[in-house]
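Structure first, then comments.
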Amino acid sequence: MTDTAMSILHAASRVIRRAGSLNLTLEAVAREAGVSKGGLLYHFANKETLIAALIQLELDSGERVLDDLQARDLHTQGSWARANLALTLKINPARDVSAGLLAAVALNPGLLEPVRARYQAWQYAAETDGLEPGLGTLLRLAMDGLWLCELLDLAPPRGADREALVELVGRLSAAGAGAASMGAGEA
């Protein structure tokens with residue numbers, strides 16, 4: 001992707017964060033990016049292709065971070081859960097708002113198909129993470145819930161409560177791996 005295209009995507013994200021998805025216009029994005037509308041259209045044919053590119057950028061970025069974090073984990077069991085926890089903690093919803101997701105939900109939910117597909121893959125990763133059945137899914141849903149609550153300011157846990165949740169998820173992802181291997185040996 002060219003530097004100009006990336007600049008346009010970052011501008012679109014800023015417009016959505018500042019003015020909301022319903023106020024996302026090509027004109028506003030072009031003005032924010034400092035390009036002409038024609039220059040924007042050279043890179044993105046319409047608002048839907050712009051939103052789709054924004055979503056893909058967010059998904060690919062998250063996937064790269066997840067892969068990197070998981071590769072650094074020396075323990076196989078629970079490594080995906082711990083990487084997902086670390087990724088969730090790296091995201092600052094006030095700064096890294098998933099503008100593409102918010103725009104897609106508001107403007108064209110069909111644009112969420114790549115997100116649904118990626119979440120299917122992540123769910124499979126959670127289920128095959130070597131943890132006891134259901135635990136990987138529980139940990140994924142806990143992190144998804146934390147991310148969503150922080151993104152939309154839906155009474156997210158703060159301070160000591162947030163720290164306790166993070167510590168519990170980390171402990172469960174490590175202890176669950178041991179419990180899964182002990183349970184397998186007992187059967």
Side-chain angles (χ1 to χ4, degrees), residues 9 13 16-17 51-106 108-187:
L9 291 175
S13 182
I16 292 167
R17 281 196 315 267
I51 294 169
L54 195 54
I55 289 171
Q56 196 61 52
L57 179 67
E58 292 167 357
L59 287 173
D60 291 346
S61 174
E63 189 73 24
R64 278 190 304 278
V65 171
L66 262 178
D67 288 347
D68 182 53
L69 290 168
Q70 192 172 10
R72 293 182 195 179
D73 195 320
L74 300 177
H75 307 287
T76 304
Q77 292 178 313
S79 64
W80 190 89
R82 288 186 296 279
N84 189 37
L85 169 62
L87 173 62
T88 302
L89 297 177
K90 286 179 79 116
I91 298 170
N92 176 347
R95 181 193 68 228
D96 303 326
V97 66
S98 294
L101 295 176
L102 295 175
V105 167
N108 182 349
L111 293 172
L112 292 175
E113 284 309 313
V115 177
R116 291 182 182 104
R118 191 67 57 102
Y119 267 80
Q120 282 293 333
W122 289 341
Q123 177 59 29
Y124 178 77
E127 292 170 354
T128 59
D129 201 16
L131 300 173
E132 65 181 89
L135 182 56
T137 297
L138 176 69
L139 297 176
R140 180 186 77 81
L141 293 174
M143 290 301 90
D144 287 350
L146 178 62
W147 172 80
L148 183 65
C149 286
E150 290 178 345
L151 175 68
L152 300 177
D153 196 24
L154 300 173
R158 301 201 194 282
D161 286 337
R162 185 180 191 277
E163 291 304 314
L165 172 66
V166 167
E167 193 271 330
L168 179 60
V169 169
R171 233 182 27 236
L172 286 172
S173 68
S181 61
M182 285 188 301
E186 294 170 357

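Just so you know, residue 1 is the first one in the sequence shown, and it goes up from there.
Taking every heavy atom of both residues into account, Val169 and Ala142 meet most closely at CG2-CB, 4.2 Å. When all heavy atoms of Pro114 and Gln56 are compared, the pair lying nearest together is CB-OE1, 4.1 Å. Here the closest heavy-atom approach between residue Leu165 and residue Pro157 is recorded as CD2-CG, 4.2 Å. Across every non-hydrogen atom of Ile55 and Ala104, the tightest pair is CD1-CB, 3.6 Å. Residues Glu150 and Pro156 approach most closely at CG-CB, 3.7 Å, considering heavy atoms. Between Ser79 and Thr76, the shortest heavy-atom contact is OG-O, 3.0 Å.
Evaluation of the salt bridge (Lys or Arg N to Asp or Glu O under 4.0 Å) rule for Asp67 yields no partner, not counting sequence neighbours. Evaluation of the salt bridge (Lys or Arg N to Asp or Glu O under 4.0 Å) rule for Glu63 yields Arg118 as partners, not counting sequence neighbours. Residues meeting the ring pair (Phe, Tyr, Trp, His ring centres under 6.0 Å) test with Tyr119, sequence neighbours left out: Trp122. Looking at residues two or more places apart in sequence or on another chain, you find a salt bridge (Lys or Arg N to Asp or Glu O under 4.0 Å) between Asp153 and Arg158. Shown here are the side-chain contact (heavy atoms from CB on, under 4.5 Å) partners of Leu168, two or more places apart in sequence or in another chain: Arg171, Leu172. With sequence neighbours excluded, the residues that form a salt bridge (Lys or Arg N to Asp or Glu O under 4.0 Å) with Glu113 are Arg116.
Between the side chain of Asp129 and the backbone N or O of Ala81 there is at least one donor-acceptor pair closer than 3.5 Å. A donor-acceptor pair under 3.5 Å links the side-chain atoms of Asn108 to the main chain of Gly110, judged by distance alone. Put simply, the side chain of Thr88 gets close to the backbone of Asn84: a donor and an acceptor are under 3.5 Å apart. For the pair Thr137 (side chain) and Gly134 (backbone), a donor-acceptor distance under 3.5 Å is absent. Not one N or O on the side chain of Ser61 forms a donor-acceptor pair closer than 3.5 Å with the backbone of Glu58. Side chain of Arg82 to backbone of Ser173: a donor-acceptor contact under 3.5 angstrom is found.
Among the candidates Leu112, Leu9, Leu111, the single residue satisfying the side chain to side chain contact (heavy atoms under 4.5 Å, CB included) test with Ile51 is Leu111.
Residue Asp144 holds its CG atom at 11.0 Å from CG of Leu139, rounded to the nearest 0.5 Å. Atom CG of Leu138 sits about 9.5 Å away from atom CE of Met143, to the nearest 0.5 Å.
For Glu167, the CD atom counts as densely surrounded, since its 6.0 Å shell holds more than 12 non-hydrogen atoms of other residues, nucleotides or ligands.
Residues Asp73 and Trp80 form no side-chain contact, since every pair of their non-hydrogen atoms from C-beta on lies 4.5 Å or further apart.
Ion pairing of Arg64 with Asp68 is absent here, as no side-chain N (NZ or NE/NH1/NH2) approaches a carboxylate O to less than 4.0 Å.
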| task | Begin from the C-alpha positions of Arg162 and Leu146 and carry the test side chain to side chain contact (heavy atoms under 4.5 Å, CB included) through to its verdict. | result | CA-CA 9 Å; Arg162 185 180 191 277; Leu146 178 62; 4.2 Å; yes
